[in-house]
Amino acid sequence: MKIPFTKMHGLGNNYIYIDLFHTELPEDRLSELAVKMSNQNTGIGSDGMILIHPAETADVGMRIFNKDGSEGMNCGNGLRCTAKYAYETGIVKKSEFTIQTKANIVQAIVHKNSGQEVEKVTIDMGEPILQREQIPMLGEAGTTVIDEPFPVADTTLQVTAVSMGNPHVITVVDAIDEAPLTTLGPIIEKDERFPEGVNTEFIEIVSDEEIHFRVWERGSGVTEACGTGACAAVVAATLNDKVTKGKQIVVHLAGGDLMIEWKEDGHIWMTGGAETIASGIFNA
Ligand SMILES: N[C@H](CCC[C@H](N)C(=O)O)C(=O)O
């Protein structure tokens, strides 16, 4: 099967994008194809696969599959790249439009240069989900997880759990470069206290409007950036009184910076880059 693709990235978080407005893929092979395309030795190499598809209740739809073939519910960097692709290929003809994910419908605003190329995208990511059972995380239903002791391996972290449609667990550390990302990330990802797994983030507070951020992603491992994770991290930092709600927070990820604002109306806005790397034909 020959599959046209476009490889794109948001701050180095790169995916293989398949345009289902112009291509068809068998639903029962999506997980297998995500694994094959993501393989850097025998495939194209990426953090996963993203499908851009027609949607009944939005201008465009997006589905994300991780490197291990598991399907995620949302993807912030993917949303910005999907918005860029949809605008530049004429799938949408306006600068503000809606994108449907498995988690929710978001509003996208593309920012163009003089050549009508999309350089940055702003996404209204909607409201974070804080109820424990909706993260989901085991424990007393109806409660939130803020600065909670989390015994794991030979230590105890103080964690805050936030869902952006996909689960995140955030720990504040003193020095981001010493965060136990590769030691505890894979353990926490599969911890039974997170029935659907979890994306694990560590943040270092620089000021009330600036943080450092690193992520071990569910299903993909260490990535350069995670947009939903950065949004979840700003929520966690705010709930722990480390940054100021309603301010634009600069989030320094390994692959670059995102501007995140948790607005007074409860919605989280994310602004950042989106780049096209290459396009071609994948031989599946
Ligand atoms: N990299 C993505 C998140 C992928 C989430 C996926 N790892 C999962 O939830 O299973 C982002 O920019 O938000």
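Order of appearance sets the numbers: ligands from 1, and atoms from 1 within every ligand. None of the values given here were measured: they were computed from a predicted structure.
Salt bridge status for Arg214 with Glu201: absent, with no side-chain N to carboxylate O gap under 4.0 Å. A salt bridge links Lys247 to Glu209: at least one charged side-chain nitrogen sits closer than 4.0 Å to a carboxylate oxygen.
Counting only residues at least two apart or in different chains, salt bridge (charged side-chain N to carboxylate O under 4.0 Å, His left out) contacts with residues 76-94 comprise Asp59-Lys94, Lys84-Glu88.
By the salt bridge (charged side-chain N to carboxylate O under 4.0 Å, His left out) test, Glu261 pairs with Lys263, sequence neighbours left out.
There is no side-chain donor-acceptor pair under 3.5 Å between His111 and Glu119.
Within the hydrophobic cluster formed by Ile, Leu, Val, Met, Phe, Trp and Tyr side chains joined at under 4.5 Å, directly or through other members, Ile16 is accompanied by Met1, Ile3, Phe5, Ile18, Leu20, Leu25, Leu30, Leu33, Met37, Ile44, Met49, Leu51, Phe65, Phe282.
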Close N/O pairs between ligand 1 and protein, under 3.5 Å:
unit_1	atom_1	unit_2	atom_2	d
ligand 1	1 (N)	Asn13	OD1	2.8
ligand 1	1 (N)	Tyr15	OH	2.9
ligand 1	1 (N)	Glu217	OE1	3.3
ligand 1	1 (N)	Glu217	OE2	2.7
ligand 1	7 (N)	Asn66	OD1	3.0
ligand 1	7 (N)	Asn199	OD1	3.0
ligand 1	7 (N)	Glu217	OE1	2.9
ligand 1	7 (N)	Arg218	O	2.8
ligand 1	9 (O)	Asn166	ND2	3.3
ligand 1	9 (O)	Asn199	ND2	2.9
ligand 1	9 (O)	Arg218	NH2	3.0
ligand 1	10 (O)	Asn66	ND2	2.9
ligand 1	10 (O)	Arg218	NE	2.7
ligand 1	10 (O)	Arg218	NH2	3.2
ligand 1	12 (O)	Asn13	OD1	3.3
ligand 1	12 (O)	Gly76	N	3.4
ligand 1	12 (O)	Asn77	N	3.0
ligand 1	12 (O)	Asn77	ND2	3.1
ligand 1	12 (O)	Gly227	N	2.7
ligand 1	13 (O)	Gly76	N	2.8
ligand 1	13 (O)	Gly227	N	3.3
ligand 1	13 (O)	Thr228	N	2.8
ligand 1	13 (O)	Thr228	OG1	2.6

